[in-house]
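Naming convention: chains lettered A, B, ... in sequence-line order (proteins, then strands); numbering from 1 in each chain. As the structure is a prediction and not an experimental result, all values here were calculated from the model.
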Number of protein chains: 2
Amino acid sequence: MGTVSKALSLLTYFSRSRSLIGLSEMSRLSGLNKATVHRLLTELQDQGFVEQAGTGREYRLGVAFLRLAALREAAVPMRDIAMTALTKLAEATGETAHISLLQGSTLSTLAYVYSHQHGTRVTMEDAEVLPLHATSSGLAVLGFSDAGFVDEVLSARLEALTANTETNPAKLRKILAQVRADCMAESVGNFEDDVHTHAMPLFDARQSCIGALAIAAPVSRMDDALRTAIRANLRQAALRLTRATGGFLPQSFNEAAA
Amino acid sequence: MGTVSKALSLLTYFSRSRSLIGLSEMSRLSGLNKATVHRLLTELQDQGFVEQAGTGREYRLGVAFLRLAALREAAVPMRDIAMTALTKLAEATGETAHISLLQGSTLSTLAYVYSHQHGTRVTMEDAEVLPLHATSSGLAVLGFSDAGFVDEVLSARLEALTANTETNPAKLRKILAQVRADCMAESVGNFEDDVHTHAMPLFDARQSCIGALAIAAPVSRMDDALRTAIRANLRQAALRLTRATGGFLPQSFNEAAA
DNA sequence: ATGTTTTGGTTCATTATTTGAACCATTGGT
DNA sequence: ACCAATGGTTCAAATAATGAACCAAAACAT
């Protein structure tokens, strides 16, 4: 594994619940020698990608990400376009709309918008990590990812997060076939009880799946009319979002959507 | 120079006006061999830090920055806090408020807020690059940066952007001494004609200066009352912003501010 | 107060990775 | 049709990275 890849992979150990990581802890998480981790983190720190904070001089993500994210948004206003799409989706459906991006073998929530039409709603958190096998967003992504990646994900230990979570790889493959046929994933109580979600994949300029757009609603509100509205609005919004951010739909998606 | 540093330094060549860079172009900009650049960019691409787009398969910043910026904001909501501070500053002063972060030897605009109290205003652009020697933000940063960095900046070729731009290193050092005494930088027509700006430095958890908070107004509106209001509001907002994002003021700043 | 464990950090002989001149196929310009 | 520039690849030689062993300080347990 290249040195640059090693350094960048250290960044993936940061999460919402683990925003500060010490040197020894990072060594344990990554399996790399403490001296190696120290050197890699020092190079990341010199360029502002991590910084030290906290009492024990733990590391956290640095301000370079804010800067470069702003630069990336100036070039491809993906988050801005996503916020517009999410707002419209939330208004049109009355439910929570969110977008997440692929990070390794998980999804990271980029943004979400709540609807205020009801007294209850499905809640999200910034940068929340979503598993691939147990969410509609994850299934949408897997449905349009290359076979090697799907194999890798399905051969890992799949955690049952609710009584409903599907963890049988053969059954998941069948679900993925359906996702490909529908160009949409649907999930009921797989990740959280009483939550019914729909998701569609998003693609980049090279037709690679990079994330998903999703709508989450309480099961109790999901009648046929709501489901039809969600499916129609989500389809339109996801296709528009991929195109608006300079992405292209893969052939397999186009064929199934026809 | 370490391999990781080399790879990350490639990212700094992207700018608002140069969001797509081809392999050969990046080789010329960085002075690195084309094969080396290709390998470094490939490793960055594998982790989502750059992606290929455009007709000639040029590279641009990737979606990983959006994801990790969201994660960083979840941990230290600096941009969120900054937007609140900028909004208040713009309202309190009636002028354009903005925040920029240090990137190498320049500043990168992170966010800005306009006031709508007047028919005219100083305008900004997302991710706009600001020079250090010719802006109040830059002078604020230099005033509270280590001597080696100041030497490096002042020994480079300093561009005269207006007839007013100070480019004499000895004079600039005198200006920096004044910035340190005032804990604030002030600049009239140095970067743009007819624009009067004030800026204060922002610090990180290790007391390093990482950027500046600034207010820009047309020269024609800058009377004593406005100047006093700007200075008071800016001082309060900058100190609060450093503290709210877990930063600490360096000793030199505390002594001068007393 | 003392001893133990764990931490962040450093060193340098050894090992692994990176480098870049030379090359190739394709695209763009004249 | 020819030339220039592009993105991309190869692999012997060169350079950087590695990690076991070590250190001082801090945290923890008694």
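- Within the 3.5 Å criterion, the main-chain N or O of B:Gln52 finds no donor-acceptor partner in the side chain of B:Arg57.
- Across residues 41-49 of chain A, not one residue has a non-hydrogen atom less than 4.0 Å from an atom of DNA chain C.
- Ring-plane geometry between B:Phe49 and A:Phe65 is classed as tilted, the angle between the planes lying from 30 to 60 degrees on a 0 to 90 degree scale.
- For D:dT6, neither phosphate oxygen OP1 nor OP2 lies less than 4.0 angstrom from any side-chain nitrogen or oxygen of B:Tyr59.
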Pair up each side-chain donor or acceptor in residues 234-242 of chain B with any protein partner under 3.5 Å, not counting sequence neighbours, and list the distances.
from, atom 1, to, atom 2, distance (Å)
B:Arg235, NH2, B:Asp182, O, 3.2
B:Thr242, OG1, B:Phe203, N, 3.1

Dump every N/O contact between nucleotides 13-16 of chain D and the protein below 3.5 Å, one line per pair.
from, atom 1, to, atom 2, distance (Å)
D:dA16, O3', B:Thr3, OG1, 3.4

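- Between B:His38 atom NE2 and C:dG20 atom P the separation is 16 Å, expressed in whole Å.
- Applying the side-chain hydrogen bond (donor to acceptor under 3.5 Å, both in side chains) test to every pair with at least one member in residues 60-71 of chain B, sequence neighbours left out, gives these pairs: A:Gln103-B:Arg67, B:Glu51-B:Arg60.
- Note on residues 203-214 of chain B: no pairs pass salt bridge (charged side-chain N to carboxylate O under 4.0 Å, His left out), not counting sequence neighbours.
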Are there any protein N/O atoms within less than 3.5 Å of an N/O atom in nucleotides 14-16 of chain C, and if so, which ones and at what distance?
none

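- Each salt bridge (charged side-chain N to carboxylate O under 4.0 Å, His left out) pair with one or both residues in residues 15-26 of chain A, not counting sequence neighbours, appears once here: A:Arg16-A:Glu125, A:Glu25-A:Arg28.
- Taken residue by residue, residues 15-37 of chain B places heavy atoms nearer than 4.0 Å to DNA chain D at B:Gly22, B:Leu23, B:Ser24, B:Arg28, B:Lys34, B:Ala35.
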Next on the checklist: Quick one, B:Arg173 with B:Asp151, criterion salt bridge (Lys or Arg N to Asp or Glu O under 4.0 Å). Give me CA distance, side-chain angles, the key distance, then yes/no.
Outcome noted: CA-CA 10 Å; B:Arg173 287 185 189 282; B:Asp151 287 341; 2.8 Å; yes
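- The side chain to side chain donor-acceptor pair (under 3.5 Å) search around A:Asp80 returns none, not counting sequence neighbours.
- For the residue pair B:Thr165 and B:Thr162, a side-chain donor N or O sits within less than 3.5 Å of a side-chain acceptor on the partner.
- A straight line from CD of A:Glu58 to P of D:dA26 spans 15 Å, rounded to a whole angstrom.
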Taking distance alone, no hydrogens or angles, what donor-acceptor pairs closer than 3.5 Å link side-chain atoms of residues 6-14 of chain B to residues at least two apart or in another chain?
from, atom 1, to, atom 2, distance (Å)
B:Ser9, OG, B:Ser5, O, 3.4
B:Ser9, OG, B:Lys6, O, 2.7
B:Thr12, OG1, B:Ser9, O, 2.7

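- Between atom CZ of residue A:Arg243 and atom CG of residue A:Leu249 there is a gap of 5.5 Å, rounded to the nearest 0.5 Å.
- Considering only side-chain N and O atoms, B:Arg57 lies under 4.0 angstrom from the phosphate OP1 or OP2 of D:dG8.
- Evaluation of the side-chain hydrogen bond (donor to acceptor under 3.5 Å, both in side chains) test over residues 132-142 of chain B, restricted to residues two or more places apart or in two chains, returns B:Ser136-B:Thr197.
- Not a single side-chain contact (heavy atoms from CB on, under 4.5 Å) links A:Ala156 to another residue, sequence neighbours left out.
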